[in-house]
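Take a look at the structure below.
For the single chain, residues carry numbers from 1 onward in sequence order. Just so we're clear, the structure is a prediction, and the values are computed from it rather than from any experiment.
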Amino acid sequence: MDLFRWTCMVHCFIATQLQWTCRSLSVKFPYEKPIYVALGRTLVVEAQFELQPGENVRLVMWDRKRDSEVRLVTDGRTTDKRISVEKNGALLKLTGVKESDYGFYVITVTDDNGDQIVTNVEVRKAQTPPVASFSLDCAVVTEGEQWDKPVFSWWVDGQEINNNTGNLSADGSKLRLQNIQANNYTCVIDSSQGTSVVQHIRAPDPTPTPTPEPSSSSPCTGRVVVLSAIAAILIGFCIWAARHERPNH
């Protein structure tokens, strides 16, 4: 192998490596797990572009892959009136999610050099709505720094609560009140700086005032009784007067 051919091979290798090293376009999704969305709701999927100074995005395409591949967006032009794009194609919005909208959403980004980056995120069907619940926070105010972390324990109506009997946060400072009906909540904090106890007492539900039952008699019935009594008195008086009336001679 002559020197000229060897030099060309080295130059080609170096140029290839430089081209690969200088390729700095990055496209990724901020989601580490699949996205769940319910039927009829709105789906928003956003990719993050990372460009070096002077770099530009030439083309952005969106596809959906399920049983087959469907083109959704090409250079800002959508194939479905429910779909719109924002942020130079990085954000895709789809309204009125249907059964056929679930699957893998694939974005393909092409830069000025013709290099393409392809990444995807899975969208799944949400079967049940999220469960809402109230929670109690046990806040800690320490005197300066301490070498250890406080240990939290919870008591509900005199019974100790743990993750098997209640829903606690990872550090134990928060008690979620889902499926818990009680009146006395106690949080005990223990650390190298001492022990602190705080209580939350919920007022019991007021006892409802009994509603008096309506009377079976009506005003009309009462008037009939009064009139009957007056009539009886008048009849009795007439009979008495007739018996004691003296005949005129």
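Taking CG of Asn88 as the reference point, atom CD of Glu86 lies at 11.0 Å (rounded to 0.5 Å). Atom NZ of residue Lys28 and atom CD of residue Gln48 lie 6.0 Å apart, to the nearest 0.5 angstrom. Here the CG-OG1 distance, from Asp80 to Thr95, works out to 8.0 Å after rounding to the nearest 0.5 Å. Taken from CG in Asn56 to CG in Leu51, the straight-line distance is 7.5 Å, to the nearest 0.5 Å. For the atom pair CG of Asn184 and NE2 of His200, the computed distance is 9.5 Å after rounding to the nearest 0.5 Å. The OG1 atom of Thr78 sits 9.0 Å away from the CG atom of Leu72 when rounded to the nearest 0.5 Å.
In this structure the side chain of Leu91 reaches within 4.5 angstrom of the side chain of Val44, judged on heavy atoms. Thr195 is not listed as a side-chain neighbour of Ile189, based on a closest heavy-atom distance of 4.5 Å or more. Contact annotation: the side chain of Phe49 never approaches that of Ile117 to less than 4.5 Å [non-hydrogen atoms, C-beta and beyond]. By the 4.5 Å heavy-atom criterion applied to side chains, Tyr102 and Leu39 are counted as neighbours. The shortest distance between side-chain heavy atoms of Glu160 and Ser153 falls below 4.5 Å. Residues Val121 and Phe104 fail the side-chain proximity criterion, which asks for heavy atoms closer than 4.5 Å. Side-chain contact between Trp155 and Ile161 is absent, with no heavy atoms from C-beta onward closer than 4.5 Å. Under the 4.5 Å side-chain criterion, counting only non-hydrogen atoms from C-beta, Val109 is not in contact with Leu59.
Closest approach of Ala38 to Val97, counting heavy atoms only: O-CB, 3.8 Å. Listed here is the closest heavy atom pair of Phe29 and Val45: CE2-CG1, 3.5 Å. Scanning both residues, Gly114 and Arg58, for their nearest heavy atoms gives CA-NH2, 3.8 Å. Residues Val140 and Pro150 approach most closely at CG2-CG, 4.3 Å, considering heavy atoms.
No donor-acceptor contact under 3.5 angstrom links the side chains of Gln116 and Thr108, judged on distance only. In this structure, a donor-acceptor pair under 3.5 Å is present between the side chains of Ser169 and Asp171. Between the side chains of Ser135 and Asp137, not a single donor N or O lies within less than 3.5 Å of an accepting N or O. No side-chain donor-acceptor contact under 3.5 Å links Ser191 and Asp148.
Evaluation of the disulfide bond (SG atoms under 2.5 Å apart) test over residues 101-179, restricted to residues two or more places apart or in two chains, returns Cys138-Cys187. Counting only residues at least two apart or in different chains, disulfide bond (SG atoms under 2.5 Å apart) contacts with residues 58-113 are absent. Residue pairs satisfying the side-chain hydrogen bond (donor to acceptor under 3.5 Å, both in side chains) criterion with at least one member in residues 31-44, sequence neighbours excluded, are listed as follows: Tyr36-Arg124.
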Legend entry - Working for side-chain contact (heavy atoms from CB on, under 4.5 Å), residues Val27 and Ile107: CA-CA 9 Å; Val27 181; Ile107 184 172; 4.2 Å; yes
Legend entry - Step-by-step side-chain contact (heavy atoms from CB on, under 4.5 Å) determination, Val73 to Met61: CA-CA 5 Å; Val73 179; Met61 295 183 297; over 6 Å; no
Inset, instruction - Using the side chain to side chain donor-acceptor pair (under 3.5 Å) rule, take Gln159 and Asp157 through it: C-alpha gap first, then chi angles, then the decisive distance, then the call. - result: CA-CA 6 Å; Gln159 299 293 324; Asp157 284 346; over 6 Å; no
Inset, instruction - Starting from the C-alpha separation in whole Å, work towards a yes-or-no answer on side-chain contact (heavy atoms from CB on, under 4.5 Å) for Leu43 and Val123. - result: CA-CA 9 Å; Leu43 169 67; Val123 177; 4.0 Å; yes
Inset, instruction - Walk me through it: do Arg64 and Val70 pass the test side-chain contact (heavy atoms from CB on, under 4.5 Å)? - result: CA-CA 5 Å; Arg64 181 179 61 244; Val70 179; 4.2 Å; yes
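When atom types are taken as modelled, the side chain of Trp62 and the backbone of Gly89 share a donor-acceptor pair closer than 3.5 angstrom. Using a distance-only test at 3.5 Å, with no hydrogens or angles considered, a donor-acceptor pair links the side chain of Trp154 to the main chain of Gly172. Not a single donor-acceptor pair under 3.5 Å links the side chain of Arg66 to the backbone N or O of Asp101. When atom types are taken as modelled, the side chain of Asp111 and the backbone of Asn113 share a donor-acceptor pair closer than 3.5 angstrom. Distance alone, capped at 3.5 Å, places no donor-acceptor pair between the Arg82 side chain and the Leu94 backbone.
Under the 4.5 Å side-chain heavy-atom criterion for grouping Ile, Leu, Val, Met, Phe, Trp and Tyr, Leu136 is not connected to Phe152 through any hydrophobic cluster. Val156 and Val188 end up in different hydrophobic clusters when Ile, Leu, Val, Met, Phe, Trp and Tyr side chains are linked at under 4.5 Å. No continuous path of ILVMFWY side-chain contacts below 4.5 Å connects Val85 to Val106, so the two sit in separate hydrophobic clusters.
Checked for salt-bridge contact, Glu46 and Lys87 meet the test: a charged N lies under 4.0 Å from a carboxylate O. A salt bridge links Arg71 with Asp63: the distance from a Lys NZ or Arg NE/NH1/NH2 to an Asp or Glu carboxylate oxygen falls below 4.0 Å.
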